[in-house]
Amino acid sequence: MTLVHPTLERTTERPARRQTRRAGARSPYPTWFFVPAGVFYLALFVVPTGASFWFALTRWDLYSAEFIGLDNFQQFFREPALVKGFVNTFVYAFLTSGAKVVLGLALAVLLTSQIIARGWLRSVVFFPVLVSTIGVGVMFKVLLDPFDGAVNTVLSWVGVTGPGWLTDPSLALFSVAMVDVWKGVGLATLIYIAGLVAIPQEYYEAARVDGASAWQNFRSITLPLVRPATVTVVLLSLIGGLRSFDLIWTMTRGGPGFSSDVIGSVIYKQYQAGFYGLSTAGNVVLFVVIAVIIFPLSRWLNRKEVPL
Amino acid sequence: MRRRGVALGSVAILATTVVFVVPFLFVLLTASKTQQDALDLDFSLPTEWALLENVRTVLATNDGQLVRAFWNSTVLTVAAVAIMTVLAAMVGYVVQRRRSRWNPVVDALVLAGLIIPPAVVPTIWVLQGIGLFKTMAGLIAVHVAFGLSFCILLFRAFVATIPRELDEAALIDGAGPSRLFFSVIFPLLRAVVVTVVVVQAVTVFNDFTYALYFLPGADNATVQLTLYNYQSQGLNQWNLLFADVLLITIPPLIMYAFFNRQIVAGMTSGAVKG
């Protein structure tokens with residue numbers, strides 16, 4: 001209230017101006033408030049995104065663009081290295097998303113139950129979310145080193161010869177996905193905890209009266225009622241997984257060979273090689289992939305939400 | 001029930017410690033070793049604690065490149081977060097308060113901003129056109145543009161909880177639209193401003209991809225880029241590399257220590273509505 005008080009006297013001196021403001025169509029919520037944000041957003045997001053559809057059809061060096069039709073896209077889907085990146089993107093996204101849903105829910109159920117040190121456990125699980133991706137990548141690159149790495153050393157204690165996590169072409173993508181899950185599961189857990197806490201305890205009490213087992217509780221109460229959280233985790237982790245670049249780039253540079261390339265790393269590689277048109281075509285492909293997966297999926301997931 | 005909780009809790013503590021704490025411990029231990037010691041990459045106590053020395057060495061490398069990088073990252077984070085917070089608050093406020101034909105447009109753009117990956121090379125093209133490519137100002141602008149959507153979402157939800165009567169009172173007292181927003185509404189947004197600032201500060205500070213694309217070059221690098229370059233050189237100075245990792249983990253750690261609740265609230269609420 002003290003905030004508005006000082007303006008009180010001044011207004012009485014200028015009734016005319018106030019009236020014009022009232023009389024005119026000017027709202028106290030001016031449209032120009034959109035302008036500053038809009039300038040940034042239009043110039044650096046909308047315009048580049050729109051332009052990408054044109055530049056994807058060209059051979060381009062930032063200064064002159066020569067129209068070459070769909071050649072870039074043809075190349076994108078013909079060259080095995082690029083196709084590999086395309087396929088890997090899906091594998092990576094669905095794998096990490098699925099793992100985050102399952103592990104996130106399991107951890108959240110554990111961390112909302114009556115156990116000791118809940119607060120500490122939550123912090124520990126969540127902290128990797130805040131550590132920079134590069135830091136995590138560097139750390140795990142060393143831990144997963146095939147010869148000296150701590151992971152394989154531990155495995156050798158129990159008589160297992162650990163594989164070359166990041167050097168074996170058939171394994172590299174999965175190793176990075178594993179690290180991605182390690183880093184991101186804390187956020188999924190947190191979202192699930194928020195969802196679990198919102199479930200009214202009465203349901204569980206009623207179920208107990210009916211003699212339901214713990215599994216039945218989980219299947220028939222927890223799982224359906226925690227659905228909004230599941231939708232969020234699935235969408236967030238899928239979007240993140242499809243767009244992923246930095247962790248893969250830090251840990252394997254898409255290698256060995258092209259075995260762990262994804263669209264994100266292909267875009268960067270083609271950019272580095274000076275194929276700006278091809279790189280932008282990669283961006284358009286990624287745009288389409290995400291739009292085709294995320295929009296229908298979110299509509300479908302949100303529609304089937306059961307009101308209880 | 002209580003006994004089971006203790007048993008389960010102990011197992012959980014053990015498991016999460018192995019999975020989540022041990023890797024960080026490994027970083028800390030390796031960063032504390034001498035170079036010779038660190039070469040083994042094994043999980044052991046250093047024979048000689050050299051943490052401070054390593055930190056000093058890392059900070060002094062290349063004429064204090066990392067110190068400059070920390071300065072750059074600080075400037076980037078503060079500027080980008082300050083700009084995007086104010087601009088997003090303005091948008092979130094008007095969108096919530098006034099039903100106009102712009103609202104569907106804003107909604108669609110916010111959604112697009114959350115989902116669609118930025119087109120990198122065309123963004124470079126735009127930045128070059130306005131002379132901001134490879135400049136700190138350019139990177140700041142890029143972060144503002146990409147961060148707006150998330151902030152708008154949070155602000156919009158929060159503005160809904162501020163009673164309209166307050167606006168009316170201020171208007172009757174003669175406040176203009178700008179004054180109404182900046183002197184009356186904005187201060188009331190403090191809770192959500194803290195959340196937005198903290199979450200975005202961590203995001204911008206930790207960002208690697210955009211710095212790699214839009215601000216390449218070693219001299220003006222951000223801390224994430226410095227670590228990346230350091231790693232790319234493929235040296236065997238693990239102790240120094242990990243001291244670097246340790247150093248750039250400290251700012252988010254401090255943020256988490258102080259703003260634990262806001263970070264959690266921001267990340268889950270924004271997520272739930274996204």
Side-chain angles (χ1 to χ4, degrees), chain A residues 3-4 7-8 10-11 18 27-31 33-34 36-37 40-41 43-45 47-49 51-52 55 62 110 114-117 121 124-125 128 130-135 138-139 142-143 145 148 150 187 190-191 194 232 236 239 243 245-246 267 271 276 279-280 283 286-287 290 294, chain B residues 1 5-6 8-9 12-13 16 20-21 23 26-27 41 43 87-88 90-91 94 97-98 113 115-123 125-126 128 141-142 144-145 148 167 169-171 173-175 177 180 183-184 202 206 208-209 224 227-228 231 241 245 248-249 252 256 264 267-268 271-272:
Chain A
L3 277 170
V4 285
T7 55
L8 204 100
R10 272 210 280 148
T11 49
R18 223 180 79 215
S27 155
Y29 310 116
T31 310
F33 269 35
F34 292 149
F40 279 96
Y41 195 80
L44 294 171
F45 188 79
V47 168
T49 304
S52 70
F55 286 123
L62 279 188
L110 179 71
Q114 300 289 326
I115 60 167
I116 52 168
L121 287 171
V124 166
V125 172
L130 299 178
V131 179
S132 84
T133 314
I134 301 299
V138 168
M139 181 166 96
V142 172
L143 287 171
D145 187 279
D148 302 326
L187 185 56
L190 223 60
I191 295 169
T232 307
L236 266 188
I239 295 171
R243 286 167 65 158
F245 162 70
D246 42 8
I267 293 171
Y271 162 67
Y276 294 160
S279 169
T280 307
N283 241 314
L286 186 58
F287 178 117
I290 290 181
I294 298 301
Chain B
M1 200 66 199
V6 173
L8 205 59
I13 290 171
T16 49
F20 291 104
V21 180
F26 178 74
V27 171
L41 285 178
F43 197 84
L87 299 193
M90 289 163 71
V91 175
V94 175
R97 279 296 197 252
R98 188 173 142 197
I115 294 175
I116 292 168
V120 278
V121 191
T123 310
W125 170 71
V126 170
Q128 200 152 54
V142 163
V144 170
L148 279 171
D167 304 16
L171 288 169
D173 287 349
L180 165 63
S183 318
V184 180
V202 172
N206 278 344
F208 161 68
T209 311
Q224 311 298 336
L227 177 58
Y228 170 74
Q231 184 217 18
L241 187 68
V245 173
I248 68 169
T249 308
Y256 187 55
V264 169
M267 288 199 162
T268 48
V272 169

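Computation of the quantities below employed the complete heavy-atom set of this structure, encompassing side-chain atoms and omitting hydrogens, waters and symmetry-equivalent molecules. Residue numbers begin at 1 in each chain, while the letters A, B, ... track the order of the sequences.
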Side chain to side chain contact (heavy atoms under 4.5 Å, CB included) evaluation trace for Asp167(B) with Val184(B): CA-CA 8 Å; Asp167(B) 304 16; Val184(B) 180; 5.8 Å; no

Given side chains that start at C-beta, do those of [X] and [Y] come closer than 4.5 Å, heavy atoms only?
{"X": "Thr249(B)", "Y": "Val27(B)", "result": "no"}
{"X": "Pro30(A)", "Y": "Met90(B)", "result": "no"}
{"X": "Ser132(A)", "Y": "Phe208(B)", "result": "no"}

Against chain A, label [X] side chain, backbone, both or neither, depending on which of its atoms sit under 4.5 Å from a heavy atom there.
{"X": "Val91(B)", "result": "both"}
{"X": "Val120(B)", "result": "both"}
{"X": "Leu180(B)", "result": "side chain"}
{"X": "Ile13(B)", "result": "both"}
{"X": "Gln224(B)", "result": "both"}
{"X": "Phe26(B)", "result": "side chain"}
{"X": "Val121(B)", "result": "both"}

Trp125(B) and Phe55(A) aromatic centres sub-6.0 Å: yes

Under 4.5 Å from a heavy atom of chain B, the part of [X] involved:
{"X": "Phe245(A)", "answer": "side chain"}
{"X": "Phe287(A)", "answer": "both"}
{"X": "Ile239(A)", "answer": "side chain"}
{"X": "Leu190(A)", "answer": "both"}

I need the Arg243(A) CZ to Ile116(B) CD1 distance, nearest 0.5 Å. 9.0 Å

Value rounded to 0.5 Å, distance of CD1 in Ile116(A) from CG in Leu121(A): 8.0 Å

Using a cut-off of under 4.5 Å on heavy-atom pairs, state which of [options] scores highest against chain B.
{"options": "Thr49(A), Ile267(A), Ile294(A), Leu143(A)", "value": "Leu143(A)"}
{"options": "Val47(A), Thr133(A), Val142(A)", "value": "Val142(A)"}
{"options": "Leu286(A), Val131(A), Ile290(A)", "value": "Val131(A)"}

Side-chain (Arg97(B)) to main-chain (Tyr29(A)) donor-acceptor, under 3.5 angstrom: no

Begin from the C-alpha positions of Val245(B) and Ile134(A) and carry the test side chain to side chain contact (heavy atoms under 4.5 Å, CB included) through to its verdict. CA-CA 8 Å; Val245(B) 173; Ile134(A) 301 299; over 6 Å; no

